[in-house]
Engineer: 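Sharing a structure, written as structure tokens. Questions coming.
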Number of protein chains: 2
Amino acid sequence: MHDYKVKEVPAIERLPKRQRHQQLSKLIEENPFITDRELTRLLKVSIQTIRLDRLELAIPELRERLKLMAERSYDSVRSLPLHEVIGDIVDLQLDRSGISMFEIMHEHVFSRTGIARGHHVFAQANSLAVAVIDDEIALTATADIRFIRSVKLGEKCIAKAYVRSISGEKSKAKVEVFTYVGEEMVFQGNFVIYRSAGEHIDEGGIERADRH
Amino acid sequence: MHDYKVKEVPAIERLPKRQRHQQLSKLIEENPFITDRELTRLLKVSIQTIRLDRLELAIPELRERLKLMAERSYDSVRSLPLHEVIGDIVDLQLDRSGISMFEIMHEHVFSRTGIARGHHVFAQANSLAVAVIDDEIALTATADIRFIRSVKLGEKCIAKAYVRSISGEKSKAKVEVFTYVGEEMVFQGNFVIYRSAGEHIDEGGIERADRH
DNA sequence: TACTGATTTAGTACCAGGTTATAATAGCTG
DNA sequence: CAGCTATTATAACCTGGTACTAAATCAGTA
């Protein structure tokens, strides 16, 4: 039984499936939270096809994907129940103070000078200022910042944030952040952070917020 | 109907449940990957009790926990774009003005609210402010910024930078940046940018911070 | 034309890890 | 004893799948 014949012909019109596979991979990579059912809508094929595709491409099911992501992050996370932060939080006292560490890598510097781009240093400080606020929603309102000296490739930035006032205005908090490399202060910022002040914003998304 | 009488009595022997709650919280915090069934083994109570406990303590089920963790990590993994200018420069007149465009994507927002993280909006403005300075080295010295309204997923931010002063101080330039979504101003910042001003700042041997 | 084989769709049974609701039981306590 | 809480049991249902079988569709080719 001469089984082969597909190989001999260049198989020009075998594209549709390949294309779909590419699209599928891309879609899932872009949004790992997508279900097969949602994918059927996007790719216009049956759910079985989606599943066969995932099987062929060795893409695990939604739950496995989320579990893998959770595991990966769990390893590197020091059990903060928190928001997203640039830099590693090494200490955090909500509504009081916080410390994060951020090492300047290649991708953070101007390649020609090895000097860190300002917004990375800012991002560390900003996300720490947001993280230290103990509230459901915290957004930066204003910031007054000073880059005291430039930070270079390989340096470790230690940012220390202090919540200065929660008084009076309930919906705003003032946070001071100082970033050091060693003993030396390299950045200083005064942030005003909007906070939800105990209000509950329900997006119908993930949480089940109400439940009583 | 006075619902409370537990309060009146010191409730000395109400401990077992409280204790279990404490243990439960701790166990789940230590290992968020644990299932209810495994918890029954550890706490020696029925699975219903575990679930009632989680209900009371507002601890979501395993899958929700993993999803939350995955979301947190997914957000932070995609921190800041690593390269050069953030946003697309659509117009640039060195030492005068510049315009860049930056679309807020999934990776720029808090997943729960769809609101962009401040440092991305800042990053666009900052990198534009640096780009507009016609010098070998340009670094942010200070910035005074205001987030006028929050920017949301899908919105296109148009940042316009104007170089306000090169006078007097040769080594500093003042740059104003306004960021708009449509007609609406969403961010405003005053940047002071250090520039090499013909002088040669020897940083790691190479010059020119940016551009191209 | 009929056969072959890949692809796609459909349908069923089953699973984990739950939620929701309802009821029964145990244990104390006034 | 009634009345209460806490616990356990039972059953129906849900999501987002896996595993398997089978049928339908299309393309090529002998």
Side-chain angles (χ1 to χ4, degrees), chain A residues 1-24 27-28 31-70 204-212, chain B residues 1-24 28 31-70:
Chain A
M1 313 331 187
H2 36 96
D3 342 35
Y4 59 94
K5 46 205 102 162
V6 183
K7 285 280 179 175
E8 290 151 22
V9 181
I12 301 171
E13 277 311 315
R14 188 69 11 108
L15 289 183
K17 191 179 176 181
R18 299 272 156 99
Q19 278 183 342
R20 196 186 53 236
H21 277 192
Q22 279 225 320
Q23 272 205 289
L24 184 79
L27 283 168
I28 292 179
N31 176 18
F33 301 84
I34 199 166
T35 63
D36 287 358
R37 203 165 302 277
E38 290 174 302
L39 287 165
T40 64
R41 287 207 345 271
L42 299 177
L43 296 179
K44 312 283 187 190
V45 289
S46 75
I47 203 162
Q48 286 78 4
T49 302
I50 299 287
R51 286 169 179 172
L52 281 173
D53 286 354
R54 273 201 302 98
L55 204 68
E56 285 185 63
L57 295 169
I59 297 173
E61 63 167 292
L62 172 62
R63 287 159 179 171
E64 287 301 317
R65 294 197 298 269
L66 297 191
K67 192 174 174 185
L68 281 173
M69 292 174 69
I206 302 93
E207 59 194 354
R208 45 192 74 256
D210 47 295
R211 154 189 304 242
H212 45 115
Chain B
M1 341 114 137
H2 45 261
D3 341 30
Y4 271 46
K5 40 201 99 156
V6 183
K7 286 278 179 173
E8 290 150 22
V9 181
I12 300 170
E13 276 311 313
R14 188 76 3 115
L15 288 184
K17 190 180 178 182
R18 299 272 156 101
Q19 278 182 342
R20 195 185 56 236
H21 277 192
Q22 279 225 319
Q23 272 205 289
L24 185 78
I28 292 180
N31 175 18
F33 300 84
I34 199 167
T35 63
D36 288 357
R37 202 164 305 277
E38 290 173 304
L39 286 165
T40 63
R41 288 207 344 270
L42 298 177
L43 297 179
K44 312 282 188 193
V45 289
S46 75
I47 202 161
Q48 287 79 3
T49 302
I50 299 287
R51 287 169 179 172
L52 281 173
D53 288 353
R54 272 199 302 99
L55 203 70
E56 286 186 62
L57 296 169
I59 298 172
E61 62 168 289
L62 170 62
R63 287 160 178 170
E64 287 301 323
R65 295 197 298 269
L66 298 190
K67 191 174 173 186
L68 283 172
M69 293 174 69

Engineer: Rounded to whole Å, how long is the line connecting atom NZ of A:K67 with atom C1' of D:dG16?
Structural biologist: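 Going from A:K67 (NZ) to D:dG16 (C1'), I get 15 Å.
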
Engineer: Categorize A:R37 for me: base, sugar-phosphate, or nothing, with a 4.0 angstrom heavy-atom threshold over every strand shown.
Structural biologist: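 Touches nothing.
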
Engineer: Can you tell me how far P of C:dT20 sits from CG of B:L52, to the nearest Å?
Structural biologist: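 The distance from CG of B:L52 to P of C:dT20 comes to 12 Å, rounded to the nearest Å.
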
Engineer: With the side chain of B:D36 defined as its heavy atoms from C-beta on, choose the nearest nucleotide among D:dT7, C:dG18, C:dA10.
Structural biologist: C:dG18

Engineer: Could you give the NZ-to-C1' distance, from A:K44 to C:dT9, as a whole number of Å?
Structural biologist: 17 Å

Engineer: Around B:Q22, counting heavy atoms of other residues, nucleotides and ligands shown, do more than 12 lie under 6.0 Å from its CD?
Structural biologist: no

Engineer: Counting distance only, does the side-chain N/O of A:R63 pair as donor-acceptor with the main-chain N or O of B:L66 below 3.5 Å?
Structural biologist: no

Engineer: Give the nucleotide from the list D:dT8, D:dG16, C:dT19 with an atom nearest to the side chain of B:E61.
Structural biologist: C:dT19

Engineer: Looking at B:S46, does any N or O in its side chain come under 4.0 Å of the phosphate oxygens OP1/OP2 on D:dT8?
Structural biologist: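 Yes.
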
Engineer: Within this structure, what is the CZ-to-P distance between A:R51 and C:dT12, rounded to whole angstrom?
Structural biologist: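 About 15 Å, once rounded to whole Å.
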
Engineer: For the base of D:dG16, is there a side-chain donor-acceptor partner from A:R63 under 3.5 Å away?
Structural biologist: yes

Engineer: Mind checking the NZ-CD spacing from A:K17 to A:E56? Nearest 0.5 Å is all I need.
Structural biologist: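 CD of A:E56 is found 3.5 Å from NZ of A:K17.
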
Engineer: Could you grab the distance from atom CG of A:L39 to atom CD1 of A:I50, nearest 0.5 Å is fine?
Structural biologist: 5.0 Å

Engineer: Under 4.0 Å: is that the gap between some side-chain N or O of B:R20 and OP1 or OP2 of D:dT7?
Structural biologist: yes

Engineer: Rounded to whole angstroms, how far apart are CZ on B:F33 and P on C:dG17?
Structural biologist: 14 Å

Engineer: Name the closest nucleotide to the B:K17 side chain, picking from D:dA6, C:dT9, D:dG16.
Structural biologist: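 Per side-chain heavy atoms of B:K17, the pick is D:dA6.
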
Engineer: Separation of A:H21 atom NE2 from C:dT7 atom C1', in whole Å?
Structural biologist: 10 Å

Engineer: Any base atoms under 4.0 Å from A:R54, or only sugar-phosphate, or nothing? Heavy atoms, all strands.
Structural biologist: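 Answer is sugar-phosphate: A:R54 comes under 4.0 Å of backbone atoms only.
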
Engineer: For A:T35 and D:dG16, is the shortest distance between a side-chain N/O and OP1 or OP2 below 4.0 Å?
Structural biologist: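 No.
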
Engineer: Mind listing the closest non-hydrogen atom pair of B:E38 and B:F33 along with its distance?
Structural biologist: OE1-O, 4.2 Å

Engineer: Quick one: on DNA chain C, does B:Q48 or B:L62 contact a more 5' nucleotide (nearest heavy atom)?
Structural biologist: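 Nearest nucleotide further toward 5': that of B:L62.
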
Engineer: What is the distance, to the nearest angstrom, from the CD1 atom on B:I47 to the C1' atom on C:dT20?
Structural biologist: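 One finds 15 Å between C1' of C:dT20 and CD1 of B:I47, rounded.
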
Engineer: Measure CD/A:Q19 against C1'/C:dT7 and give the value in whole Å, please.
Structural biologist: 15 Å

